[in-house]
Amino acid sequence: MVAYLIRRLFFFVPIVFGVMLLTFVLFFVVQSPDAMARRVLGPKATPKAVENWLHNRGYDKPLLLNRTGQAPWHDSLFLNQMGRLARFDLGKSDVTNRPLAEDFREGALPSLLLTVPAFFVGLALSVVFALYLVFIRNGVVDLAASLACVALMSVPVMVYIIAGQFLVAQVLNYFPAFGFQLEGFSTAKFLLLPVALMVVSGLGADVRLFRAMFIEEMGQDYIRTARAKGVSSALVLLRHVFKNGLINLITLVVASLPFLIMGSVVLENFFGIPGLGNKLFSAIQAPDFAVVQASVFLGSLLYLGGLLLTDICYAWADPRIRLQ
Amino acid sequence: MPFRRHPRRPLFFAAAFRGLLLLSVLGVGGCSNSPHPEPLAEKSENGAPWKARYSALPEDPRSLDPQVTYDNVSRRIMEPVQECLLEYHPFKTDPYELRPCLLTQLPVRTEREGGGISYQCELKSGILFHDDPCFPGGKGRELEAKDVEFAFQRMADPKVECPVVSTLQDYIEGLGETFEAARKSGEFDYSKPLSGLKVTGRYTFEIRLKEAYPQLLYWLAMHFTSPVAREAVEYYDGKTHEGVARELFRFHPVATGPFRIAEWKRNTRIRLQRNPGYRTTAFPTEGWEAAQEGLLRPLAGRALPLVDEVSFTIFRESIPIFLLFRQGYLDGMGVGKDAFSSLITPSKDLSAKYLERGVTLHRDTEPSTYFMSINMEDPVLGPNKKLRQALSAAFNAQGYLDVFFNSVPIVAEQLLPPGIAGYQKDFRNPYAFNLEKAKALMVEAGYPGGRDASGKTLELTLDTNGGSADERLMAEFEQRQFEAIGIKVKVIENPFARLMEKMDQGSFQISAGSGWGADYPDPENFFFLYYSKNLPPTGKNHSRYKNPEFDRLFETMATMENSPEREQIARKLNMILSEDVPHLLTLHRSVFGLTQPWAPRVQSNPMLEGGLKYAVVDEALREKLRGDWNRKPLWPALLLAACVVSAGTFALNVYRRS
Amino acid sequence: MAAFDLVWVQNLSVFTGYALLGGALWRVAGTERWKAAWHRLRGDRTGMAALALICVFLLVGTLESFSVPQPTGSRTLLQLATAGIPQEKGYSAPLATTTLSVANPTPLAGRHLLGTDALGRDTLVQTLRATRSALWIGGLTSIIYIPLGVLLGILAAFYRGWVDDVVQYFYSTVAAVPEILMLVSILMVLGKGLGTMAIALGITGWVGMARLIRGETLRQVERPYVAAARAMGQSDWKILMRHLLPNVMHLVLIKAVLGFSGLVLAEAVLSYLGVGSPVGTASWGAMIDASRSELSREPFVWWNISTSAGALFLLVLALNLFGDSLRRAFDPKHG
Amino acid sequence: MLELRNLSIDFGKGASRVQAVKGISLSIAKGETVALVGESGSGKSVTGMALTRLLPEPPAFYAGGEILFEGRNVLGMNARELRALRGGKIAYVFQEPSTSLNPVFTVRSQIAEALHLHRPEVADVDAEVVHCLDMVGIVSPRQRMDDYPHQLSGGMQQRVMIAMALACRPQLLVADEPTTALDVTVQAQILDQMRQIKQQTGMAMLLITHNFGIIGGIADRVAVMFRGKIVEEGATATVLGNPQHAYTKALIGCIPQLGQHRRRLTTIDHDALGALC
């Protein structure tokens with residue numbers, strides 16, 4: 001097991017390198033560092049200011065390899081930055097000059113406070129609904145629920161948010177319709193609405209998916225065996241279908257776990273939650289390459305972490321699998 | 001798997017009931033729906049109730065370093081924290097007027113022998129910096145002339161990245177040379193004085209210019225020239241922080257303004273607290289409109305600021321702003337497109353619902369002009385003046401404002417916006433929207449019905465800044481305008497930087513969405529956009545307009561002090577541009593703003609970015625109205641609880657039945 | 001004449017698309033497995049209803065896809081068909097008689113069943129026209145990502161070894177780059193457009209398909225029929241095409257149908273990100289995105305969002321139901 | 001003990017209706033072993049599943065007739081009674097042991113589940129599980145019971161299935177193609193084991209198979225099913241020795257000499273067996 005994990009970790013190094021190279025190319029193919037400086041400095045910036053800005057951040061160096069002959073070949077923008085990332089130094093924002101490690105540290109907790117409850121509540125609800133739909137499958141309620149799920153899926157999340165905020169701010173007034181304060185237990189009152197909306201907006205697709213997965217499981221021979229043993233339908237679902245379905249669920253769900261830390265763009269924007277959700281998004285728009293790069297770097301580590309976690313959970317949940 | 005054969009029903013109901021109680025207590029009971037934290041204090045030093053103002057901000061300021069800050073958002077925080085040498089009078093906007101702030105009086109202009117001009121300045125004595133750990137004992141020291149010198153040195157330091165140094169270096173002595181020298185050596189030497197700024201005494205200094213540049217006074221009312229304490233920069237940007245996390249100087253301004261930053265939670269809020277040592281300025285005793293006499297007279301001469309705290313909440317989406325304003329949790333808001341229809345009646349008044357609440361509507365016009373640039377070097381558009389005039393006459397600017405801006409802004413008839421010297425109130429654009437005239441001009445231009453001699457339809461490209469849904473619709477609108485006179489328009493949506501690049505390179509025909517907001521209220525700041533020595537990439541003459549007559553008049557006007565003669569020249573420049581049409585004018589930006597009954601607006605000078613030191617608030621009225629506006633009905637809680645309980649019961653039954 | 005070329009290139013490509021689709025269906029229609037599936041599908045009333053609905057969407061999309069050159073630029077068949085519906089000055093509610101414009105409500109030139117949008121265009125017509133974007137994005141992207149994903153997936157599982165390593169490396173790398181960055185960057189390089197959007201979505205979309213097909217092929221390769229084919233001395237290519245491909249085809253089909261609705265929804269997200277369909281192209285995504293400001297007006301403009309979301313709902317629903325029916329029809333355990 | 005009277009089972013409704021079982025009657029007495037023989041698709045497995053209404057409804061639909069178990073109509077039972085019947089009175093062994101065992105539970109927990117359901121009075125569950133495994137001839141059952149199904153061979157898996165079926169001491173064991181998925185030597189062992197157990201416990205058995213070859217030594221009576229109907233029924237020896245119906249003859253013709261040479265089953269000669277039918 002340990003040997004397996006170590007081998008996987010070695011496989012990850014070239015992937016991270018590839019991801020960073022791809023990001024670099026994608027970003028600087030889209031816009032030269034020059035264009036980026038213009039965006040940051042605004043339409044009134046003079047060429048001299050642009051040049052100075054680029055120089056201060058090292059963006060005036062050759063992009064991939066230094067072939068000017070005046071400096072060592074590795075003194076290029078990409079390689080310098082890879083070197084920095086290899087030391088886990090995330091660098092500073094191009095726009096605000098603030099150390100990014102600090103930005104990410106500050107944003108992680110609010111993001112997690114939003115996504116973790118939403119994720120688990122959503123997961124639990126979807127699984128319960130899906131199990132219930134499998135229980136009454138092929139009936140009228142099942143069909144109606146299918147329609148409802150597709151309807152939930154086709155309504156964009158913005159509409160949920162606007163409706164939800166309107167309801168809370170114009171009718172109920174029970175708790176704030178906007179805002180965020182980290183202050184112990186009462187933080188919850190700010191999270192109630194966004195968490196609920198996140199759950200609702202994800203529910204349709206998840207219920208459909210899980211229902212399909214559980215139905216698939218229902219057709220298996222061992223379900224027939226269990227029923228032949230006299231196990232009640234409810235227990236067949238809760239015990240046999242659920243545990244086997246769980247294994248499929250793990251591949252889908254666990255890989256996305258590390259990404260909870262990245263928050264949710266739309267919800268964080270609408271509710272003023274100071275999370276990491278729109279970090280990447282607004283960095284692409286700003287544009288702030290340093291932030292994009294750091295986000296992608298962390299993102300790829302999280303993704304690979306998710307893969308590893310999936311492997312481990314898989315081995316834990318499915319007795320047939322041993323990691324070698 | 002052990003399971004209970006007989007689930008105990010009563011237990012479930014007990015739990016549900018308890019949940020219901022909890023919910024009722026949590027929801028309907030004491031839980032406040034305020035998005036704001038408690039104010040910083042309950043009472044101010046003199047025992048009066050604490051007064052706080054609540055405002056909205058679209059994003060975190062990028063930088064609060066006075067020599068760097070250029071964008072509007074940062075300036076809104078900068079303005080109450082950091083004062084400038086001069087400031088705009090809060091009430092005099094037509095024309096705008098400067099008055100001393102940190103200085104004792106407006107700088108005195110003197111001619112130097114051997115050419116060059118000097119301005120003699122004197123700081124008020126007894127002005128203190130904010131109390132801050134960077135000073136010995138944590139007590140703010142007195143402001144001196146050397147702090148102004150340090151600020152000017154910082155402008156010349158390439159590492160600081162002052163955005164206006166390349167403009168000012170043309171006028172202030174030694175600025176450009178010092179900047180270049182420091183770029184070469186990689187290090188700026190702060191021990192060497194800057195030749196353009198000479199400290200002549202503890203409070204006095206002299207600014208030396210290479211040539212006449214009356215606009216310098218406006219620059220002294222901007223933050224780039226605001227004094228900076230060297231201790232603060234060294235303390236916050238120093239290499240060693242003894243292991244303690246410290247903000248950079250650009251996020252921790254140490255200045256002399258009426259407020260200081262008490263709390264900055266990224267992406268959430270910024271709270272400013274009154275600077276107890278502030279004595280620099282007082283409420284003006286004259287200059288307001290007669291209509292405001294009742295409100296402002298009692299305030300005249302009072303010590304500033306008038307509130308104890310200003311809380312900015314950061315909203316990255318505009319919709320919640322409206323909701324919180326309705327709940328009474330914001331003291332003012334701009335009326336964006338989204339909220340417009342619900343607030344403003346067809347006659348541009350506030351709707352009755354809000355009038356009843358005591359809300360007031362304000363209309364603010366910014367000193368700015370928006371237009372579409374025409375490339376004068378384009379082989380089709382450049383030589384064909386009639387065609388440009390036809391385009392101008394084909395564009396329905398009022399319709400554009402009606403669709404996209406709720407008819408709030410003013411249609412631009414000339415390059416200069418209102419309030420700037422040279423603006424002609426009665427001037428009408430000779431090529432304003434007139435479809436018949438446009439069609440006639442097309443004939444004169446050689447394109448009757450949009451077709452050239454060979455019968456081919458004229459095709460033009462329109463470069464836009466692609467992105468939001470609104471921008472798409474605007475592009476489609478513009479396209480339709482020109483199609484009406486038979487021209488086929490191809491829209492190219494560009495990312496912002498690409499559009500800038502195209503405009504710099506001159507590789508466009510018509511570019512939508514150009515505009516210019518005044519750096520300072522002077523005609524020079526607008527007409528230089530069409531000065532032929534100001535071509536891209538170094539300058540901003542994106543239309544690549546070259547007219548010797550225009551250049552000559554501009555050069556004369558630029559260095560003149562404001563006078564009737566100067567206005568005459570400005571008018572001539574206006575006429576030349578109107579006839580030559582190097583741009584299609586659209587609008588002067590203006591917006592509607594709302595204020596709550598407890599926070600009446602005292603000033604509306606757009607150059608002040610809020611003018612928070614003059615702001616007032618009636619705390620008691622707010623408390624009362626907020627209570628009235630946030631009633632909590634009980635029935636939804638009961639309904640929800642009933643739903644939860646019945647769903648639970650149902651699930652239980654299903655389980656038992658199986 | 002550039003416009004001439006463009007119109008005919010577009011018309012031709014629609015023809016080609018249909019021809020390819022028809023050819024593919026013709027090719028597989030003869031096989032036993034597909035015949036049986038079709039037989040079962042015919043008995044499935046929901047499935048057939050969904051298929052009919054999809055065909056209606058296809059018809060509308062096709063009408064919008066064929067353009068005819070006109071004096072002021074080309075117009076689509078659908079535009080010509082609806083040319084009688086006048087354009088108004090701004091928003092108007094369904095069946096209203098004046099515009100919603102607050103400044104000056106003006107009488108309408110005609111009645112509009114589902115109201116008009118900000119520029120006064122009939123909402124129903126816009127929604128119908130937008131079908132084309134949805135189908136193009138779904139269809140083109142599928143043409144790009146399905147062959148790519150299937151081929152790479154099968155190759156990786158069949159050859160194992162370094163081929164597998166390379167394929168796995170590629171899809172891990174692509175999957176680890178955030179999708180937003182990928183899509184936005186590609187669209188910025190290639191420019192906005194339905195075609196480029198399809199390319200961008202295709203480049204990010206093949207990963208899921210490749211992973212699925214690789215997993216399934218790994219299982220299939222173990223089956224005796226592959227060994228038997230090898231023993232008979234068949235070439236690798238034949239084994240891949242004749243034995244493995246047909247056996248994973250049902251998965252491809254189902255994934256493609258369900259993926260289609262995901263792609264249609266993705267267009268809405270891309271519009272929110274500002275890289276949606278280009279100016280002049282009606283799209284549900286753009287309509288939904290515009291609703292952000294429409295919904296917070298008062299009285300709020302609900303007809304644009306509900307019509308476009310309704311159309312999206314119908315298409316997604318039809319695809320989902322049809323996907324379910326297909327799954328049932330191809331399920332070997334059934335019957 | 002068990003009696004099917006004129007039982008008909010349909011699948012689907014309306015146009016797509018398929019009649020899987022068309023009015024069959026069959027009875028099984030206490031301790032008796034009946035073999036239900038027919039080729040795949042003849043409705044024999046459907047009949048087996050129908051005994052405790054295991055078929056998913058819909059698509060299955062009981063169109064007519066009755067299933068009487070100890071005098072009570074199974075078709076009229078409610079869910080609770082049916083559950084008591086399944087596993088408790090009538091237990092099943094299915095064809096494919098590798099898929100019929102739940103892969104994520106240990107052998108112990110799968111057998112224990114049946115015990116919990118039908119014999120809650122058993123105090124030492126582990127001992128009972130060991131006893132059951134021992135009965136089906138599993139070596140060192142105490143170690144084996146903590147294994148997961150995939151850790152066992154096909155034969156072992158089928159033994160576990162049988163042990164699970166026996167755990168609740170049912171009155172009737174429905175063995176649906178219990179040996180088809182296994183290789184020939186293991187088939188013989190399993191059949192042997194089943195025969196022994198039957199003698200020990202005295203339960204009745206319904207052996208469903210397409211293979212006449214295996215019923216000889218084990219079934220008392222044989223019913224032959226063809227296209228949803230029972231075409232021939234009688235004592236095993238009679239039917240095997242003198243088949244009346246053409247279909248039966250064809251089926252038996254498929255397995256030359258098997259009836260006479262059943263002792264030689266374990267030898268290599270009958271390797272071709274599987275391929276022939």
Side-chain angles (χ1 to χ4, degrees), chain A residues 30-31 34-36 38-39 41-49 52-53 55-56 95-98 102-103 106-107 110 128 132 135 162 165-166 168-181 183 186 189-190 232-235 238-239 268-275 278 282 287, chain B residues 1 3 26-28 31-37 59-60 62-63 70-71 158-159 161-167 183 245 248 250-251 265-268 313-317 319-320 323-324 326-327 329 495-498 500-501 514 519 537-540 630-633 636-637 651 654-655 658:
Chain A
V30 169
Q31 48 202 335
D34 195 57
M36 181 165 99
R38 259 165 210 287
R39 282 283 294 278
L41 297 175
K44 288 188 175 183
T46 57
K48 203 168 149 186
N52 184 42
W53 190 90
H55 179 76
N56 283 349
V95 176
T96 64
N97 267 4
R98 209 163 175 252
E102 221 166 288
D103 270 9
E106 278 175 12
V128 167
Y132 178 67
F135 186 72
I162 292 168
Q165 280 189 329
F166 185 85
V168 168
Q170 310 275 47
V171 183
L172 297 180
N173 294 317
Y174 289 177
F175 46 86
F178 173 94
F180 184 81
Q181 281 163 45
E183 43 181 31
S186 64
K189 72 179 182 185
F190 293 101
S232 68
S233 317
L235 267 187
L238 292 178
R239 215 186 127 128
E268 286 177 14
N269 279 357
F270 270 90
F271 286 94
I273 297 169
N278 74 341
S282 50
Chain B
M1 180 187 280
F3 69 94
L26 202 109
V28 189
C31 173
S32 157
N33 68 343
S34 166
H36 305 298
E59 61 184 7
D60 272 321
R62 290 180 166 191
S63 161
Y70 207 5
D71 61 301
K159 289 263 165 10
E161 297 181 343
C162 174
V164 296
V165 66
S166 51
T167 309
R183 265 204 70 176
L248 294 167
R250 60 188 324 187
F251 301 117
K265 284 225 185 324
R266 305 274 151 186
N267 259 330
T268 310
T313 309
I314 292 171
F315 293 83
R316 280 171 299 188
E317 283 284 345
I319 293 163
L323 291 176
L324 294 199
R326 280 195 54 156
Q327 290 182 306
Y329 289 116
F496 175 81
R498 176 83 190 109
M500 289 288 113
E501 209 172 72
S514 305
D519 291 312
T538 46
K540 293 289 160 199
N630 290 288
R631 297 264 155 78
K632 299 171 182 177
V654 166
Y655 180 78
S658 74

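Quick note on labels: first sequence line is chain A, next is B, and so on, each numbered from 1.
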Where does [X] contact chain A at under 4.5 Å (heavy atoms): side chain, backbone, both or neither?
X: B:Ile314; value: backbone
X: B:Arg266; value: both
X: B:Asp71; value: neither
X: B:Ser63; value: neither
X: B:Glu161; value: both

With a 4.5 Å cut-off on heavy-atom pairs, point out which of [options] contacts chain A the most.
options: B:Glu501, B:Arg183, B:His36; value: B:Arg183
options: B:Ser166, B:Ser34, B:Pro320; value: B:Pro320
options: B:Pro158, B:Pro163, B:Ser514, B:Cys162; value: B:Pro158

Which atom of B:Asn267 lies closest to which atom of A:Pro274, heavy atoms considered: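 Answer, listing the atom of B:Asn267 first, then A:Pro274: CB-CB, 3.4 Å.
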
Quick one: closest heavy-atom pair of A:Gly179 and B:Pro35, and the distance?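 Heavy-atom minimum between the residues: CA-CB, 4.4 Å.
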
Heavy-atom pairs under 4.5 Å with chain B are the metric here; pick the option from A:Leu41, A:Asn97, A:Asp34 that has the most.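 Winner by heavy-atom pair count: A:Asn97.
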
Taking every non-hydrogen pair under 4.5 Å, which of A:Asn269, A:Val168, A:Val171 racks up the most with chain B?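 So the answer, after comparing A:Asn269, A:Val168, A:Val171, is A:Asn269.
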
Which distance, rounded to the nearest 0.5 Å, do you find between the CG of B:Asp60 and the OG of A:Ser282?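 Between B:Asp60 CG and A:Ser282 OG, I get 10.5 Å after rounding to 0.5 Å.
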
Rounded to the nearest 0.5 Å, what's the gap from CG on B:Leu323 to CD on A:Gln170? Could you check?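 Answer for the CG-CD pair, B:Leu323 versus A:Gln170, is 5.5 Å.
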
Tell me whether [X] contacts the main-chain N or O of [Y] through its side chain, where contact means a donor paired with an acceptor under 3.5 Å.
X: B:Asn630; Y: A:Asn173; answer: no
X: B:Asn33; Y: A:Ala169; answer: no
X: B:Arg250; Y: A:Thr96; answer: yes
X: B:Arg316; Y: A:Ile273; answer: yes
X: B:Lys265; Y: A:Phe180; answer: no

I'd like to know whether the aromatic ring centres of B:Tyr329 and A:Phe178 sit less than 6.0 Å apart in this structure.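 When the ring centroids of B:Tyr329 and A:Phe178 are compared, they turn out to be at least 6.0 Å apart.
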
Under 4.5 Å from a heavy atom of chain B, the part of [X] involved:
X: A:Tyr132; value: side chain
X: A:Glu268; value: both
X: A:Phe190; value: side chain

Just to verify, what does A:Gln165 make a side-chain hydrogen bond (donor to acceptor under 3.5 Å, both in side chains) with, not counting sequence neighbours?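 In terms of side-chain hydrogen bond (donor to acceptor under 3.5 Å, both in side chains), with neighbours along the sequence ignored, A:Gln165 is linked to no residue.
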
